Structure formats: C-alpha cells, structure tokens
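Quick notes on the structure that follows.
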Amino acid sequence: MDFGRVLPPLVISIPQEQYIVESAYATPIEIEDALLAPPVEVVERPYTLSEVRYSSRLRDKVRRVDLDTITFDTGSADITSDQIDSLEFIGTAIGDIVDRDPNEVFLIEGHTDAVGSDLSNLTLSDRRAEAVALALTEDFGIPPENIVTQGYGEQDLKVDTDGPARENRRVTMRRITPLLAQAAEGRDGTGNAQ
C-alpha cells in the first residue's frame, strides 16, 4: 500500500530541530527525549515491520536522530574508531530505553549520495546501516533483537545534489516501537503503555 497516497500530508507542529535531532549538537537527554517522544501524529493502526521499513510516510510519524557524527567515504561502509566513540550518547540512550522495555525496536537507516547506480547505492546503504548496528551491539551492548536495519540508497538526500556529498553518506535512526503491530498489544495509539 502506498501510505503517501492514502494518508493526509504530514503536519509537524514541533520545531524542526526537535523532529530531526542532529546527534553532533544534541545532549544525551535531547537524544533520549527524541527517541522516547510519542509519534508526531496519531497512529491509525498498528503496522507491520515491512510496512514501516518500506514507507517513508509511516516512518515520518516518529522523530529521527541523524547520526551526523558518522559519515562514510565514497563506496565505503567502514566506521573509523573515532566515529565509534561518537556513538556513545546514542548507545547510552538506546541502552537505557531497552533496559526499561526490552521490546523496544529501533530502525537504523543507511543512506548514500547520488553518485553510482541505484542498485549499488542500495546495497551500500544496507551495509552502512548494518555497520552502525554492529557497532551499537559490539561496543555498547545493545541486543541485536532490538535493532532493525534498512538501506534506502539515495532516496533521501540531506543535501540536494547529484554530485558527491559526504553529508549524504550517512545513517539515521528512529524508535519505531509505537508504529509496530507486535508492540501494539498493551499500548495506546502513541506507543505508551496503558
């Protein structure tokens, strides 16, 4: 189903910097608050993981944290050791959230710039998301069952350019628990426990 055609346009009634949190400038509390915040609009029904992964309109219902402290070299999914250190706030926030509720689910989204073929960019973006998930699991003890990864290739450019742009070779994340069917039992429409 094309939720972008079925659902009305998204209206965001909060400041942009609260809806998309840039990890390089955010405090640990701001990151955790963004991840724990309820959806920015009503969740009509519980969705499947597949529906959430493949619909930007559904994903846009929840706030996003841009892991802008991690960018990748052209054609690479490698994370340098200094970039892994910059994941500490994210790892701590996710760890605290999962400690409170082991059923929480986080989506890590990989992205590329517009250089290269669609297929190679999609594959590369998957590898980038997986690299961050692996770092969160190995370096910060986040259980792998709480993390879902998905690459989106060049679908969501941060900087609108056809050329190479390091800012587009990135990873973002969202807490998608409030959207999911498996998490809906015992929760209200905003993902909060009843």
Side-chain angles (χ1 to χ4, degrees), residues 3-4 7-43 47 49-72 79 83 86-98 101 104-113 121-122 125-126 128-133 135-136 140 142 146-160 165-180 183 189-192:
F3 292 101
L7 297 175
L10 181 69
V11 176
I12 300 170
S13 59
I14 59 174
Q16 183 72 12
E17 65 272 6
Q18 291 176 12
Y19 178 64
I20 300 174
V21 175
E22 304 275 344
S23 67
Y25 307 107
T27 66
I29 292 171
E30 290 170 329
I31 291 170
E32 190 165 334
D33 286 350
L35 292 173
L36 284 173
V40 295
E41 71 176 4
V42 172
V43 177
Y47 295 99
L49 179 58
S50 182
E51 288 173 323
V52 172
R53 287 172 90 178
Y54 297 109
S55 172
S56 62
R57 178 61 180 87
L58 293 181
R59 292 189 307 277
D60 287 345
K61 289 178 172 283
V62 293
R63 299 176 199 214
R64 179 177 98 201
V65 175
D66 282 0
L67 306 183
D68 48 1
T69 54
I70 295 180
T71 57
F72 299 89
I79 303 172
Q83 290 179 326
S86 73
L87 283 174
E88 183 176 356
F89 290 167
I90 300 293
T92 300
I94 294 173
D96 289 348
I97 293 168
V98 170
D101 183 352
E104 294 285 0
V105 180
F106 297 87
L107 175 63
I108 300 178
E109 307 170 11
H111 300 278
T112 66
D113 58 23
N121 281 340
L122 193 57
S125 64
D126 276 331
R128 288 175 176 166
E130 290 164 3
V132 171
L136 288 170
F140 300 98
I142 307 302
N146 295 96
I147 299 174
V148 176
T149 62
Q150 182 64 51
Y152 295 103
E154 60 187 77
Q155 291 178 26
D156 184 24
L157 298 175
K158 190 168 187 170
V159 177
D160 189 14
R166 191 168 192 89
E167 298 90 347
N168 286 330
R169 300 189 300 264
R170 71 195 198 286
V171 173
T172 63
M173 67 171 302
R174 304 169 200 257
R175 178 179 148 264
I176 59 170
T177 313
L179 305 176
L180 296 177
T190 64
N192 297 317

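Note that this is a predicted model, so its numbers are computed, not measured.
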- request: Give, for atom CD1 of Ile20 and atom CG of Asp68, the distance between the pair rounded to the nearest 0.5 Å.
  value: 11.0 Å

- line: For Val43 and Pro178, the nearest pair of non-hydrogen atoms, with its separation, is CG1-O, 3.9 Å

message: Looking at Ile29, I want to see if its CD1 is surrounded by more than 12 non-hydrogen atoms of other residues, nucleotides or ligands under 6.0 Å.
response: no

task: Using a 4.5 Å cut-off on heavy atoms from C-beta on, say whether the side chain of Leu35 contacts that of Glu104.
output: no

message: Checking the side chain of Arg57 only, and the main-chain atoms of Gly4 only, is there a donor and an acceptor separated by less than 3.5 Å?
response: no

- line: Rounded to the nearest 0.5 Å, the CD1 atom of Ile97 sits from the OG1 atom of Thr92 at a distance of 11.0 Å

query: Among all residues two or more places apart in sequence or in another chain, which pass the ring pair (Phe, Tyr, Trp, His ring centres under 6.0 Å) test with Phe3?
result: Tyr47

query: Does the side chain of Asn146 come within less than 4.5 Å of Ile94's, by heavy atoms?
result: no

- prompt: Any side-chain heavy atom of Leu10 sitting closer than 4.5 Å to one from Glu41?
  reply: yes

message: To the closest 0.5 Å, what do you measure between CD (Glu167) and CG (Leu157)?
response: 11.0 Å

message: Any donor-acceptor pair under 3.5 Å linking the side-chain atoms of Asp66 with those of Thr172?
response: no

query: What's the shortest heavy-atom distance between Ile31 and Ala93, and which atoms?
result: CG2-CB, 4.1 Å

field: 4.5 Å side-chain heavy-atom contact, Leu49 and Ile176
entry: yes

field: Donor-acceptor contact below 3.5 Å, side chain Asp113 vs main chain Asn168
entry: no

query: Partners of Glu22 by side-chain hydrogen bond (donor to acceptor under 3.5 Å, both in side chains), sequence neighbours excluded?
result: Lys158

message: With a 3.5 Å distance limit and no angle check, can you tell me whether Arg128 reaches the backbone of Gly151 through a side-chain donor-acceptor pair?
response: no

- prompt: Between Arg175 and Leu36, which heavy-atom pair has the shortest distance, and what is it?
  reply: NH1-O, 3.7 Å

- prompt: Who are the side-chain contact (heavy atoms from CB on, under 4.5 Å) partners of Asn121, not counting sequence neighbours?
  reply: Thr112, Glu154

message: Just so I know, are the side chains of Arg63 and Gln18 near enough to count as touching, which here means a heavy-atom distance under 4.5 Å?
response: yes

message: Ignoring hydrogens, what is the shortest heavy-atom contact between Ala34 and Val21? Give both atom names and the distance.
response: CB-CG2, 3.5 Å

query: Taking C-beta and beyond as the side chain, do Tyr19 and Val40 meet within less than 4.5 Å on heavy atoms?
result: yes

- request: State which residues pass salt bridge (Lys or Arg N to Asp or Glu O under 4.0 Å) with Glu32; sequence neighbours excluded, sorted by chain then number.
  value: Arg100

- prompt: Would you say the side chain of Ser23 lies within less than 4.5 Å of the side chain of Ile90, judging by non-hydrogen atoms?
  reply: yes

message: Tyr152: which residues meet the side-chain hydrogen bond (donor to acceptor under 3.5 Å, both in side chains) condition with it, sequence neighbours left out?
response: Arg59

- request: State which residues pass salt bridge (Lys or Arg N to Asp or Glu O under 4.0 Å) with Glu51; sequence neighbours excluded, sorted by chain then number.
  value: Arg45

Sequence-distant partners of Arg170, salt bridge (Lys or Arg N to Asp or Glu O under 4.0 Å), two or more places apart: Asp156

message: Going by the rule side-chain contact (heavy atoms from CB on, under 4.5 Å), which residues pair with Ile108 if we only count those two or more places apart in sequence or in a different chain?
response: Ala129, Val132, Ala133, Leu136, Ile147, Thr149, Val171, Met173

task: Just jot down the side-chain hydrogen bond (donor to acceptor under 3.5 Å, both in side chains) partners of Arg174, sequence neighbours excluded, or say none.
output: Glu109

task: Of all the heavy-atom pairs spanning Ile142 and Gly91, show the shortest one and how long it is.
output: CD1-O, 3.4 Å

field: All side-chain contact (heavy atoms from CB on, under 4.5 Å) counterparts of Glu30, not counting sequence neighbours
entry: Ala26, Thr27

field: Side chain proximity check, Leu67 to Val65, heavy atoms < 4.5 angstrom
entry: yes

query: Looking at residues at least two apart in the chain, or sitting in another chain, which of them share a side-chain hydrogen bond (donor to acceptor under 3.5 Å, both in side chains) with Ser56?
result: none

field: Partners passing side-chain contact (heavy atoms from CB on, under 4.5 Å) against Glu17 (at least two apart in sequence or in another chain)
entry: Pro15

message: Whether the side chain of Thr177 engages the backbone of Val105 through a donor-acceptor N/O pair (distance < 3.5 Å, no angle test) should be reported.
response: yes

